[in-house]
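To start, the structure under review is shown below, and the notes come after it.
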Amino acid sequence: MTSTHEDAAVPGGPALTQERKLVTEIPGPRSVELQARKSAAVAAGVSQTLPVYITAAGGGILRDVDGNQLIDFGAGIAVVNVGNSAPEVVSRVQDQVARFTHTCFMVTPYEGYIEVAEAINRLTPGDHAKKTALFNSGAEAVENAVKIARHATGRDAVVVFDHAYHGRTNLTMAMTAKNMPYKDGFGPFAGEIYRAPMSYPLRDNDAAGTKLSGADAAKRAISMIEKQVGAKNLAAIVIEPIQGEGGFIVPAPGFLPTLVEWAKENGVVFVADEVQTGFARTGQLFACEDENIVPDLMTVAKGIAGGLPLAAVTGRAEIMDAVHGGGLGGTYGGNPVACAAALGVIATIEKEDLIGKAAHIGELMTERLTTMKGKFPVIGDLRGRGAMIAIEITKPGTIEPDAATTAAVAKAAHAAGLLVLVTGTYGNVLRFLPPLVISDDLLNEGLDILDEAFAAIVE
Ligand SMILES: *Cc1c(COP(=O)(O)O)cnc(C)c1O
């Protein structure tokens, strides 16, 4: 299907075929050797999900130093939506890197930065006038969205949600919900961050077992905000339209629109953190589109540049322009090579209809995982959108998290050559984020591996 990716190869090495291949145990001996060097040379705080060392990657395949080829259901954490070696990204990066690698956009600018800003302004929801600023990482984009919202409103407070993940810098650690591993021992954290209750359909039952509607979940959050923060003190609400690290939590329909409406009535800047959901991942270019909401500001990163470090804050021109000249920026923000990659990503999404492809992946996975959910009662919930799908593992018939089974299934999948990621506040969510250019054959083979792993572990 994705023949353009089948020839991605290491210079001088064999072609990267789109097939799973196990020639050693996972990890193999050369990976084990490298991991020992890693342990001796790299800080212990930087740890690995699966320590196989990669030499080539593309389409839906990761090849390691031992010659194993793994199926990739992680995409470098929702980054390589276009694949790890998309031809249009590779060629544009090669061209740019040979012309110049850096000048600093704040010193002597270049056109690529403007082209990326124009593209994002055009592609993000809403037909109002927009402006964009570029940065290096998701956390940096979120920090800058908060800076801009505070400056534009003259207010301090920021509301975030239970299960939120916004990054690892000091301000974004304060905004992130989960203690381990993100925050433990790293305080004190930035002030004026307030946490509101999220809409989490699996866990939002009232005493009678009735699900809380999206609108009612929003009212619960708004009531907390009004009582504990005060609307007139609030600069911004920052929320992921589908929570990523929190466990792919999809809020009940109506939750986001109700919050947007309330923010508008109260002069609060509504910031959608689309760092993980953006750039075709959910079967739309941005997840906000599914709820027809138009955020005031949006943060994007991960999927934007095929793995080169790039991030952006985009939004209403009058809010973005509230900040004085020199108030935003950074040495590397909007690096020319990263901008070339982003333009390659955007061209690839359009040329290969990756929005349609994400929707197709969502349908295929949902159908197969629905069958598995019927077979294995430990699968307590199946949720997500497009190529951002997860299953939450619980003790059968309850909502009690089962992190041990989750870890065991992930381990079995890894051993069989399928990279899956575990996430969620309770460590009991298996999330699937394949590159959007993966073939149906690899998707189905990956799902077969999962099915067998569940059968072996829970039956
Ligand atoms: C990954 C992520 C971030 C942080 O991005 P980095 O590039 O790792 O700093 C912020 N918000 C969301 C929703 C994310 O998924």
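Only heavy atoms go into these numbers, but all of them, side chains included; no hydrogens, no water, no symmetry mates. A quick note: this is a predicted structure, and the numbers were derived from the prediction, not measured. Order of appearance sets the numbers: ligands from 1, and atoms from 1 within every ligand.
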Contact atoms of ligand 1, heavy-atom distance to S137 under 4.0 Å: 7 (O), 9 (O)

Protein contact of atom 15 (O) of ligand 1 - nearest heavy atom, named by residue and atom, plus distance: K302 NZ, 2.7 Å

Any A139 heavy atom less than 4.0 Å to ligand 1: yes

E88 with K351: basic N within carboxylate O range, under 4.0 Å: yes

Set of side-chain hydrogen bond (donor to acceptor under 3.5 Å, both in side chains) partners for S223, sequence neighbours left out: K227

From V79, D273, T176 - option closest to atom 13 (C) of ligand 1 by heavy atom: D273

K178 to Y165 six-membered ring, cation-pi geometry met (6.0 Å, 45°): no

Ligand 1 N/O within reach of Q276 N/O, cut-off under 3.5 Å: yes

Nitrogen or oxygen atoms of E245 and ligand 1 under 3.5 Å apart: no

Atom 8 (O) of ligand 1: any protein heavy atom closer than 4.0 Å: no

Test: D216 and K219 ion pair at under 4.0 Å: yes

Per-atom contacts of ligand 1 with E240, taking only distances under 4.0 Å to non-hydrogen atoms: 13 (C)

Can you give me every donor-acceptor pair (side chain of residues 259-268, partner residue at least two apart or in another chain, under 3.5 Å) with its distance?
residue : atom : partner : partner atom : Å
W262    : NE1  : E226    : OE2          : 3.0
N266    : ND2  : W262    : O            : 2.8

Between H163 and T425: side-chain donor-acceptor atoms closer than 3.5 Å: yes

For atom 5 (O) of ligand 1, the protein heavy atom that lies nearest, with its residue and separation: G138 CA, 3.2 Å

Geometric class of the H151/H324 ring pair [parallel <30°, tilted 30-60°, perpendicular >60°]: tilted

